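Data block below; observations after.
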Amino acid sequence: MLDPESAEAGAALEQSLLADFAAVFSLNIAFQRGLMTRLLRGPISGDDPDAAPILMEMLHRAKVVAPLRQGWQLRAEMVDLLATRAASLRAKVSFTALAAADLLAGGEQMIFAPEAFAQAARTFQFFCYHRARDTRAASLQDTAPWVEYVTALSEAEAPLLAPYLPLDGVTRLLEIGGNSGAFALALLERHPALQIAIMDLPAVCHLGQSYVASRPEAARLVFHAGDARVDPLPTVRGGPPEVILFKSMLHDWTEKAQRDMLARAADHLAPQGRLIICERAPLGAGDLPLGLGLAPHLVFATYYRKAEHYRLLLADLGFELLAPVEVEVDLTFQILIAERRG
Ligand SMILES: C[S@@+](CC[C@H](N)C(=O)[O-])C[C@H]1O[C@@H](n2cnc3c(N)ncnc32)[C@H](O)[C@@H]1O
């Protein structure tokens with residue numbers, strides 16, 4: 001594991017690359033052509049067929065590579081960054097390019113006709129949940145890229161958000177839509193007596209199992225493949241969950257689907273249990289990154305709801321929302337904790 005100072009420097013470099021047009025443009029191409037892997041092995045010649053002058057100039061201007069007399073090499077800080085974050089950077093660069101292209105081509109639609117935008121945007125096709133309903137090789141192949149992207153986001157969000165989840169004394173947590181387990185691992189690391197079950201789609205659970213396999217916390221984590229809208233919700237180590245968590249999950253759904261999923265969770269929860277919703281807040285709360293780094297979040301901006309929206313849904317189920325906690329990540333996250341009334 002990285003020391004906190006190197007991890008912070010890596011996160012800052014990654015963020016500045018993702019905000020910069022030349023960096024996203026050129027890194028995206030370099031990853032696609034396998035050039036980053038080759039540069040990591042050592043310098044490349046200026047005659048290399050992949051070292052196209054425009055591409056290398058952009059990588060140079062973006063401070064990814066430095067010129068040699070006869071070629072190019074990665075800058076030292078890029079070597080350090082790629083040693084720990086190559087998969088994360090690749091996933092984020094590719095998604096930033098996709099989101100920016102959709103927004104620049106269809107920004108008007110995104111704001112004034114969001115449903116049409118969602119139908120047309122490649123960003124939304126990238127999250128092909130319907131391909132995650134089984135674990136055939138082709139389904140896993142289609143599911144892996146977006147799971148990798150969501151995992152990269154969660155790895156960055158979890159250390160900032162996990163301290164605000166009130167889990168002291170909690171031993172059984174169910175995370176619905178917990179993806180590869182990146183967020184759950186951070187919770188398990190902080191709370192040694194905690195056991196977590198993740199319910200997610202079959203291909204996602206399959207990929208998640210390999211993602212967590214090498215981590216000691218995985219002994220306290222179980223994946224349960226299913227559809228949270230219709231399949232029975234799992235117990236956690238044989239008992240009802242004391243907390244059911246929806247992290248960046250509900251915004252994908254219509255209000256009716258959100259209500260139904262929350263109602264099922266409420267029915268399944270231990271009597272004194274809590275529901276926790278953790279979601280990005282609508283734009284307007286907190287600072288905004290205004291560079292290219294905004295694109296991957298702006299593309300979903302019409303889906304982020306106010307705490308009041310969730311308060312009303314939960315009130316209908318007999319739950320009371322405690323004061324929302326706001327945490328600055330890339331955008332502002334709100335952590336909404338709800339308990340049964342009375
Ligand atoms: C936007 S991702 C968020 C993942 C994760 N909670 C995070 O914050 O990184 C939404 C997750 O919900 C899962 N999901 C979508 N539909 C689902 C369903 N019907 N039942 C269970 N999980 C579902 C997806 O597979 C995905 O992992």
Side-chain angles (χ1 to χ4, degrees), residues 87-88 91-92 95 99 118 123-135 139-140 142-162 164-165 173-188 196-212 221-234 241 243-254 256-265 268 275-281 296-297 299-305 327 329-331 333-336:
S88 150
K92 287 183 181 175
F95 191 76
T123 318
F124 289 83
Q125 290 151 22
F126 177 66
F127 294 94
C128 44
Y129 292 162
H130 64 283
R131 298 287 295 144
R133 285 192 226 127
D134 62 71
T135 55
S139 307
L140 293 176
D142 291 348
T143 305
W146 67 262
V147 165
E148 200 164 272
Y149 173 64
V150 167
T151 300
L153 287 188
S154 253
E155 283 173 350
E157 294 157 1
L160 302 172
L161 294 172
Y164 294 93
L165 269 70
L173 181 148
L174 168 62
E175 185 179 4
I176 298 194
N179 200 256
S180 62
F183 198 74
L185 286 179
L187 299 180
L188 291 165
I196 297 185
I198 283 180
M199 185 183 207
D200 209 305
L201 303 171
V204 178
C205 289
H206 188 95
L207 295 165
Q209 245 137 10
S210 342
Y211 173 75
V212 303
L221 177 58
V222 174
F223 285 92
H224 186 96
D227 182 332
R229 294 168 302 172
V230 291
D231 292 324
L233 302 185
V243 168
I244 299 186
L245 169 65
F246 293 87
K247 149 83 179 55
S248 303
M249 199 271 179
L250 290 172
H251 70 262
D252 277 343
W253 298 93
T254 61
K256 159 130 184 28
Q258 291 178 344
R259 189 189 305 274
D260 291 350
M261 277 193 272
L262 284 169
R264 300 189 88 221
H268 188 61
L275 298 174
I276 302 183
I277 298 171
C278 187
E279 282 282 350
R280 286 186 177 79
H297 308 303
V299 82
F300 299 118
T302 53
Y303 295 85
Y304 301 140
R305 274 89 160 193
V327 186
V329 182
D330 32 38
L331 304 189
F333 265 84
Q334 48 196 1
I335 299 175
L336 309 174

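Note: hydrogens, waters and symmetry copies are ignored here, and every other heavy atom, side chains too, is used. Indexing begins at 1, ligand by ligand and atom by atom, following the structure's order. Just so it is clear, the structure is predicted and the values come from calculations on it, not from any experiment.
- The two atoms that bring Tyr149 and Pro296 nearest to each other are OH-CB, 3.4 Å, heavy atoms only.
- Not one N or O of Asp252 is nearer than 3.5 Å to an N or O of ligand 1, by distance alone.
- Remark: minimum distance from atom 7 (C) of ligand 1 to any protein heavy atom is reached at Ser154 OG, 3.4 Å.
- Polar contact with ligand 1: present for Asp227 (N/O pair, distance under 3.5 Å).
- Of the possible donor and acceptor atoms, none in the side chain of His224 sits under 3.5 Å from a partner among the backbone N and O of Cys205.
- In this structure, Leu275 and Ala265 approach most closely via the heavy-atom pair CD2-CB, 3.8 Å.
- Side chain of Arg280 to main chain of Gln334: no donor-acceptor pair is present (N/O by atom type, distance under 3.5 Å, no hydrogens or angles).
- For an aromatic pair to be called close, the ring centres must be under 6.0 Å apart, and Trp253 with Tyr303 fails this.
- Panel note: side chain Asp200, backbone Asn179; a donor-acceptor pair is recorded below 3.5 Å.
- The residue from Asp200, Val147, Leu153, Val204 that puts a heavy atom closest to atom 13 (C) of ligand 1 is Asp200.
- The shortest separation from a heavy atom of Phe183 to ligand 1 is not under 4.0 Å, leaving the residue out of contact.
- Not a single heavy atom of Glu157 sits less than 4.0 Å from an atom of ligand 1.
- Heavy-atom separations between Tyr303 and ligand 1 are all 4.0 Å or longer.
- Between Phe95 and Phe300, the angle of the ring planes stays under 30°, which puts this pair in the parallel group of the 30/60° scheme.
- When hydrogens are left out, the protein atom nearest atom 23 (C) of ligand 1 is Met249 CE, 3.7 Å; that is the closest non-hydrogen contact.
- Those atoms of ligand 1 that come under 4.0 Å of a heavy atom in Val150, given as number and element, are 4 (C), 7 (C), 9 (O).
- If you number the atoms of ligand 1 from 1 as listed, the ones under 4.0 Å from a heavy atom of Gly226 come out as 20 (N), 21 (C).
- For atom 3 (C) of ligand 1, the closest non-hydrogen atom on the protein side is Ser248 O, 3.2 Å.
- At least one side-chain heavy atom of Lys92 sits less than 4.5 Å from a side-chain heavy atom of Leu153.
- Listed for the Glu279 side chain is a donor-acceptor partner under 3.5 Å among the backbone atoms of His251.
- Between Asn179 and ligand 1, an N or O atom pair is found at a separation short of 3.5 Å.
- Under a 4.0 Å criterion applied to the non-hydrogen atoms of Arg229, ligand 1 contributes the atoms 19 (N).
- Side chain of Arg131 to backbone of Leu140: no donor-acceptor contact under 3.5 angstrom is found.
- At least one N or O atom of Gly177, backbone or side chain, sits closer than 3.5 Å to an N or O atom of ligand 1.
- Note: an N/O pair closer than 3.5 Å links Lys247 and ligand 1 by distance alone.
- For Trp253, the closest heavy-atom approach to ligand 1 falls below 4.0 Å.
- With values rounded to the nearest 0.5 angstrom, Ile244 atom CD1 is found 8.5 Å from Leu173 atom CG.
- When atom types are taken as modelled, the side chain of Thr143 and the backbone of Ser139 share a donor-acceptor pair closer than 3.5 angstrom.
- Protein heavy atom nearest atom 10 (C) of ligand 1, with residue, atom name and distance: Tyr129 OH, 3.4 Å.
- Remark: ligand 1 atoms within the under-4.0 Å shell around heavy atoms of Glu175 are 6 (N).
- Close approach of ligand 1 to Ala228 is summarised as follows: ligand atoms under 4.0 Å from at least one heavy atom of the residue are 18 (C), 19 (N), 20 (N), 21 (C).
- By the 4.0 Å heavy-atom criterion, Cys278 is excluded from the residues contacting ligand 1.
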